[in-house]
K.L.:
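Submitted below is the structure of interest, expressed as structure tokens.
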Amino acid sequence: MKAKFKDFAVVFNVSDISRTQKFYRDILGIELERQSAGDEGDWLIATLNNDVHLIFFEGEETIGRSPVIVFELKEGYIDDVIEEMAKEGAEIVTPVTEAPGGWSADFHDPDGHMLSLFQTEKLPRRK
């Protein structure tokens with residue numbers, strides 16, 4: 001099953017969410033909307049050109065391993081897409097796991113760049 005993409009995001013892991021928001025707002029002129037992930041803390045999102053998103057999560061353990069390009073699946077079926085990618089030889093780094101608002105999985109491209117798929121929890125995971 002070939003994936004159909006809705007849009008994509010560049011995800012950054014940062015050490016200080018407030019400092020990040022101030023930098024992008026005051027220096028780059030990009031407005032970021034602050035969201036709450038409950039016990040997991042806050043995160044930021046900016047939408048550029050209606051389909052490109054910058055997303056920032058606060059967390060010490062993953063700093064330096066970002067940004068990660070995240071492709072959002074238009075129709076869902078993330079489990080089927082990841083299984084097909086693995087059959088075709090893609091290196092799956094993180095299997096489908098729960099993510100804020102849905103499901104995600106990480107994989108490497110042929111040169112070892114980390115990429116990710118995401119789908120909202122509102123879409124089906126399998127056909």
Side-chain angles (χ1 to χ4, degrees):
M1 158 174 248
K2 298 294 180 203
K4 294 182 182 176
F5 301 113
K6 177 179 176 184
D7 52 13
F8 75 95
V10 180
V11 178
F12 296 85
N13 297 304
V14 301
S15 61
D16 185 323
I17 205 82
S18 294
R19 181 181 68 190
T20 297
Q21 184 172 22
K22 183 175 176 20
F23 175 84
Y24 280 84
R25 181 190 61 223
D26 297 348
I27 295 175
L28 298 180
I30 298 172
E31 285 301 320
L32 294 152
E33 183 179 333
R34 197 171 198 133
Q35 304 283 321
S36 176
D39 293 342
E40 297 177 28
D42 291 351
W43 56 284
L44 304 169
I45 184 168
T47 301
L48 311 172
N49 300 324
N50 295 322
D51 59 357
V52 177
H53 307 283
L54 300 179
I55 300 175
F56 302 87
F57 291 103
E58 188 174 68
E60 294 293 332
E61 71 279 355
T62 55
I63 292 173
R65 295 188 349 207
S66 68
V68 175
I69 306 296
V70 179
F71 295 94
E72 184 175 354
L73 294 169
K74 182 177 185 177
E75 298 174 350
Y77 312 118
I78 192 167
D79 289 297
D80 296 335
V81 170
I82 288 294
E83 283 178 13
E84 183 65 28
M85 289 174 62
K87 286 179 189 173
E88 294 291 327
E91 178 187 357
I92 308 304
V93 178
T94 306
V96 177
T97 56
E98 193 171 355
W103 302 94
S104 70
D106 301 322
F107 58 96
H108 284 148
D109 77 0
D111 290 308
H113 299 109
M114 178 75 78
L115 300 171
S116 186
L117 294 180
F118 171 82
Q119 81 163 58
T120 177
E121 61 194 5
K122 297 174 184 170
L123 295 174
R125 290 180 55 182
R126 293 195 174 275
K127 270 198 172 188

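Residue indices begin at 1 and follow the sequence shown. Since the structure is predicted, the reported quantities are computational estimates derived from the model, not experimental observations.
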K.L.:
Measuring from L54:CG to L48:CG, what's the distance to the nearest 0.5 Å?
P.N.:
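It comes to 4.5 Å.
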K.L.:
Find the distance between CZ (F57) and CD1 (I45) and round it off to the nearest 0.5 Å.
P.N.:
8.5 Å
K.L.:
Taking C-beta and beyond as the side chain, do E98 and W103 meet within less than 4.5 Å on heavy atoms?
P.N.:
yes
K.L.:
For the residue pair V81 and Q119, establish whether any side-chain heavy-atom pair is separated by less than 4.5 Å.
P.N.:
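Side chain of V81 against side chain of Q119, heavy atoms only: no contact under 4.5 Å found.
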K.L.:
Between K127 and E75, is the closest basic N to carboxylate O distance under 4.0 Å?
P.N.:
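The answer is no: the pair does not qualify as a salt bridge.
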K.L.:
Hey, is CZ on F107 packed in by over 12 heavy atoms from elsewhere, all under 6.0 Å?
P.N.:
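Yes.
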K.L.:
Only one of V10, T47, V11 forms a side chain to side chain contact (heavy atoms under 4.5 Å, CB included) with H53, so which one is it?
P.N.:
T47
K.L.:
Indicate if L123 and L73 have the same hydrophobic cluster label, given that clusters are the connected sets of ILVMFWY residues with side-chain heavy-atom separations under 4.5 angstrom.
P.N.:
no
K.L.:
Mind checking whether E31 and R25 have side chains closer than 4.5 Å, heavy atoms only?
P.N.:
yes
K.L.:
Does A105 offer a backbone N or O that forms a donor-acceptor pair with the side chain of S116 under 3.5 Å?
P.N.:
yes
K.L.:
Nearest heavy-atom pair of A86 and I92: which atoms, and what distance?
P.N.:
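A86 and I92 have their closest heavy atoms at CB-CG1, 4.0 Å.
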K.L.:
Using a 4.5 Å cut-off on heavy atoms from C-beta on, say whether the side chain of I17 contacts that of Q21.
P.N.:
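Answer no - side chains too far apart.
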K.L.:
Any chance you could lay out the side chain to side chain contact (heavy atoms under 4.5 Å, CB included) test for V93 and H108, step after step, and finish with the verdict?
P.N.:
CA-CA 7 Å; V93 178; H108 284 148; 3.6 Å; yes
K.L.:
Look up atom CG in D106 and atom OG1 in T97, then write down how far apart they are to the nearest 0.5 Å.
P.N.:
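Spacing of CG (D106) from OG1 (T97) equals 7.0 Å.
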K.L.:
Please report the interatomic distance CD1(I69) to CE(M114), rounded to the nearest 0.5 Å.
P.N.:
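Output value for this atom pair is 12.0 Å.
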K.L.:
When you compare the side chain of F12 with that of I55, does any pair of heavy atoms fall below 4.5 Å?
P.N.:
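A side-chain contact under 4.5 Å is absent here.
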K.L.:
If you round to the nearest 0.5 Å, how far is CD of E83 from NZ of K87?
P.N.:
6.0 Å
